[in-house]
Enquirer: 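First, the structure itself, so that you have it in front of you.
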Amino acid sequence: MILTFKQVKVLEAINNYIEYHKMSPTISDIASATTKDMGISKTKKTSRGTIQPKLDVLELKGMIKRVAGKLRGITVTEKGKEFLKVLDIN
């Protein structure tokens, strides 16, 4: 499975957020977490609109699962967790 650098960073941010907070992140939480990793200056923040397409692709590739209409309805699938293990990100 091939993911772009930014898709991997989003997947990593979701996984790390869930591990630390014991709940799913919002899109805004993901945007905040990925700002530095995506090479954006400290004065700018990754927009929610930038994150949404990456979530769409991650879901299509089976890396995450989303519950429609639920604010904190993003989870990392087993496939996503295995992918992160292979990359030795977490």
Enquirer: So which heavy atom on Arg72 is nearest to which on Asp29, and how close?
Expert: NH1-OD2, 3.1 Å
Enquirer: Same cluster for Leu87 and Leu11 if Ile/Leu/Val/Met/Phe/Trp/Tyr side chains link at under 4.5 Å?
Expert: yes
Enquirer: Can you name the residues that form a side chain to side chain contact (heavy atoms under 4.5 Å, CB included) with Val57, not counting sequence neighbours?
Expert: Gln7, Lys61
Enquirer: Quick check on side-chain hydrogen bond (donor to acceptor under 3.5 Å, both in side chains): which of Arg66, Lys54, Lys65 does Glu59 satisfy it with?
Expert: Arg66
Enquirer: I'd like to know if the side chain of Thr34 and the backbone of Lys9 have a donor-acceptor N/O pair within less than 3.5 Å.
Expert: no
Enquirer: Rounded at 0.5 Å granularity, tell me how far CG in Leu84 sits from CE in Met63.
Expert: 8.0 Å
Enquirer: Mark yes or no for whether Ser24, through its side chain, and Gly73, through its backbone, hold a donor-acceptor pair below 3.5 Å.
Expert: no
Enquirer: Hey, could you give me the OG1/CG distance between Thr75 and Asn15, rounded to the nearest 0.5 Å?
Expert: 10.5 Å
Enquirer: If every non-hydrogen atom of Leu55 is compared with every non-hydrogen atom of Ile64, which pair is closest and at what distance?
Expert: O-CD1, 3.6 Å
Enquirer: Taking the hydrophobic residues Ile, Leu, Val, Met, Phe, Trp and Tyr, and joining any pair whose side-chain heavy atoms are under 4.5 Å apart, which ones share a cluster with Tyr17?
Expert: Met23
Enquirer: Between atom CZ of Phe83 and atom CG of Leu58, what is the distance when rounded to the nearest 0.5 Å?
Expert: 9.0 Å
Enquirer: State whether Lys79 and Glu82 are salt-bridged, where the test is any N-O pair (Lys NZ or Arg NE/NH1/NH2 against Asp/Glu carboxylate O) under 4.0 Å.
Expert: no
Enquirer: Output the distance between atom CG (Asn16) and atom NE2 (His21), rounded to the nearest 0.5 Å.
Expert: 10.0 Å
Enquirer: Nearest 0.5 Å, please: how far is CD1 in Ile14 from CD1 in Ile30?
Expert: 4.0 Å
Enquirer: Considering all heavy atoms of both residues, which atom of Pro25 and which atom of Ile18 are nearest to each other, and what is their separation?
Expert: CD-CG1, 3.8 Å
